[in-house]
Amino acid sequence: ALDPNAMFKVGFLDDVYKERPVAPVVTRFPPEPNGFLHIGHSKAIAINFGFARHHGGKCYLRYDDTNPEAEDEIYFTAILDMVRWLGFEPVEITYSSDNFQKLYDLAEQLINKGKAYVCHCNDDEIKAQRGGENHGPRFRCAHADQTPDKNLEEFRGMRDGKYKPREAFLRMKQDITDGNPQMWDLAAYRVLEKPHHRTGSAWRIYPTYDFTHCLCDSFEGITHSLCTTEFIQSRVSYEWLNRELGVYEPMQREYGRLSIQGTVLSKRKILKLVTEKHVRGWDDPRLYTLIGIKRRGVPPGAILEFVNELGVTTAPSIIQLKRFDQTIRRYLELTVPRLLLVLDPIPVVIEDADETALEIDMPFSPKVPTMGSRKVRFTKTVYIDRSDFREVDSKDYFRLAPNKTVGLYQVAYPIKATSFTKDDSTGLVTEIRAVFDKETKKAKTYIHWVGEGSRACEVRIHNSLFKSEKPDDAEGGFLNDLNPESEVVFPSAMIEKEGFDEVRRRAPWPEAAGESALGKGGPESVRFQGMRVAYFAMDSDSTDDKIILNRIVSLKEDSGK
Ligand code: ATP
Ligand code: MG
Ligand code: MG
């Protein structure tokens, strides 16, 4: 099912390669370690690592850690974990901050060339120089006329603590007559009095994205620097700086961002959901952070398949959640085994069944015979789902009811209900009595069941976290759009013990196409289809005594189950 090369057979990346058909191809995935990765990043990961893999090249994981104000240690490991989980191994892990000295030296070189100056203007002055709100004429401030020697002295002053933040910054001397704002003397360095998590207090000045990114790409010999389309305008300044400094010039090309409709991805919003306890944490299965998607039990292969299906173009894609679900469902259908799971069990006593349990050999998947089979215990008392029984029969109803026959999945004879007991206080059926119906050879409908000795578990059914497709448009903000039924917990679910233990033992499912190499380890690698119910994975809150399952996705779109 998984072909990481598939996405490059079509679309614009072929053309990108043709523009520079070199070997080896060298790419990088350059996250800023200031948050957890989300579904959108999986596209960036797939593209950068996938493009390199496709061409037999290499891809770096580069932490773009030039802003000590926003970054945190925990994100470094979390990011690497997700890259590996998706099945990619960086050829090397690098840090923009490792180049701080080299970048500094190049900044001095740029100053010496007369292509950078230290400026002391404030935000309003800079705005005015750039034409102001009415797009008036552009002009340079007097600082632009300083000699290289003066700039060098000033820049060293910045470095040595002569200036407070915002009192001075290094600007590149580009081309203010160019219509592209990325050429209007961008900032290259600013003063920040903040210790850096890797370089400590060695530096008081930090390079900007515009100064850092193209140079780090150059240092690493990146052949194709792939980024999202917000950076189209930046291509000009990217090329300008490398050219001015006479360093190796990578080629920047852009692809469309992946956006998902029906959820929020911004760090600030997810943080609010987490701190106000609307979700269980950053890894809540209802979120579209990669750690959340992983916890829900979505296999990494399904995410890559999703990115492949969307294709790579320069157009941004706004995708509905249900489209992601469709891909997951299609992927799981052929890669995970099927088990018996009853969400809301009622005991059915089959009066004429033997007291001793019978073992029924059941295949793990009718679609994939190589998955093998397991023995399921059929006992005199079995459990069926409450929704498969009706106290009053009707013509258009084909499951169990008094005097009505229904098949039990893979059991030789169908059963017919004879009577039932109810709890007076709750009005709920507590037990059904039944007999085998040996006259009916083939039942119209087969329902799922589990035998005595099955294992109790907690099942969390996740629905969309928001009621609408556009939570951000809700009156009063996205928090007013929360779906009160986004997590429904079944505390009394039961699962056939033998099959489940076997799945746990063999997980990740060895025969599952593509999966064996991906997503090794972790409880969420235990995935299966609960027949007639949904796809499930084991939640990381599970212990040996208590199994907690997450619904990965329903069996059908909008089935409510
Ligand atoms: P966010 O603010 O959502 O975290 P970002 O652009 O700040 O996004 P980085 O952490 O800098 O993200 O991202 C690393 C790489 O992932 C960048 O090359 C970025 O362009 C890419 N990326 C981020 N979001 C998306 C997305 N939605 N679709 C495709 N690529 C993305
Ligand atoms: Mg980010
Ligand atoms: Mg960023």
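All values below were derived from every heavy atom in this structure, side-chain atoms included, with hydrogens, water molecules and symmetry-related copies excluded.
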To check you understand the geometry: which heavy-atom pair defines the closest contact between [X] and [Y], and what is its length?
X    : Y    : value
E469 : Q261 : O-CG, 3.1 Å
K470 : D481 : C-OD2, 4.5 Å
P68  : L192 : CD-CD1, 4.0 Å
G87  : R53  : O-NH2, 2.8 Å
R295 : D539 : NE-OD1, 2.8 Å
G297 : A537 : CA-CB, 3.5 Å

Heavy-atom side-chain contact between [X] and [Y] under 4.5 Å:
X    : Y    : answer
F466 : V264 : yes
N242 : P250 : yes
V191 : F169 : no
L61  : E92  : no
T27  : Y60  : no
E125 : C141 : no
S468 : D473 : no
M82  : K294 : yes

Worksheet item: So, R286 and N483: side-chain donor and acceptor under 3.5 Å apart, yes or no?
Response: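 There is no such pair (donor and acceptor under 3.5 Å, judged by atom type) between the side chains of R286 and N483.
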[atom1]-[atom2] distance between [X] and [Y], expressed to the nearest 0.5 angstrom:
X    : Y    : atom1 : atom2 : result
D284 : T289 : CG    : OG1   : 8.0 Å
E487 : N550 : CD    : CG    : 8.0 Å
D325 : L332 : CG    : CG    : 10.5 Å
W240 : D210 : CH2   : CG    : 11.0 Å
R140 : K173 : CZ    : NZ    : 5.5 Å
R243 : S218 : CZ    : OG    : 13.0 Å

Tell me if a side-chain donor or acceptor on [X] pairs with a main-chain N or O of [Y] at a distance below 3.5 Å.
X    : Y    : result
T147 : K150 : yes
D65  : S97  : yes
R296 : I552 : yes

Discussion item. When you measure from the centre of the six-membered ring of Y255, is the NZ or CZ of K43 closer than 6.0 Å and no more than 45° off the axis?
Written reply: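 No, K43 does not lie over the aromatic ring of Y255.
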Discussion item. Pair R204, D160 - check salt bridge (charged side-chain N to carboxylate O under 4.0 Å, His left out), show working.
Written reply: CA-CA 7 Å; R204 284 193 190 85; D160 299 337; 5.9 Å; no
Worksheet entry | Verdict with reasoning, E89 to R84, per salt bridge (charged side-chain N to carboxylate O under 4.0 Å, His left out) | CA-CA 6 Å; E89 187 61 38; R84 289 193 168 140; 2.8 Å; yes
Do the rings of [X] and [Y] sit parallel, tilted or perpendicular, given the 30° and 60° boundaries?
X    : Y    : result
F155 : Y104 : parallel
H213 : Y209 : parallel
F36  : Y75  : perpendicular
F29  : F49  : tilted

Ring centres under 6.0 Å, that's the criterion: do [X] and [Y] meet it?
X    : Y    : result
Y163 : H120 : yes
F76  : Y63  : yes
F100 : Y95  : no
Y206 : Y189 : no

Using a strict threshold of under 4.0 Å (side-chain N to carboxylate O), is an ion pair present between [Y] and [X]?
X    : Y    : value
E309 : R323 : no
K162 : E167 : no
E305 : R330 : no
R166 : D123 : yes
E557 : R329 : no
D541 : R460 : yes
E220 : R28  : no
D472 : K269 : yes

Worksheet entry | Audit row: M538, E524, side chain to side chain contact (heavy atoms under 4.5 Å, CB included) steps and yes/no | CA-CA 5 Å; M538 209 161 103; E524 63 286 322; over 6 Å; no
Worksheet item: Would one find more than 12 heavy atoms of other residues, nucleotides or ligands at under 6.0 Å from atom CD1 of I318?
Response: no
Worksheet item: After noting the C-alpha distance and the side-chain angles of E239 and S234, does the key distance pass the side chain to side chain contact (heavy atoms under 4.5 Å, CB included) rule?
Response: CA-CA 9 Å; E239 292 174 353; S234 309; over 6 Å; no
Worksheet item: What residue among H224, M251, R62 forms side-chain contact (heavy atoms from CB on, under 4.5 Å) with D217?
Response: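 Result: among H224, M251, R62, R62 is the only option passing the side-chain contact (heavy atoms from CB on, under 4.5 Å) with D217.
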Worksheet entry | Verdict with supporting geometry, R190 and T208, side chain to side chain contact (heavy atoms under 4.5 Å, CB included) | CA-CA 7 Å; R190 68 258 196 239; T208 59; 4.0 Å; yes
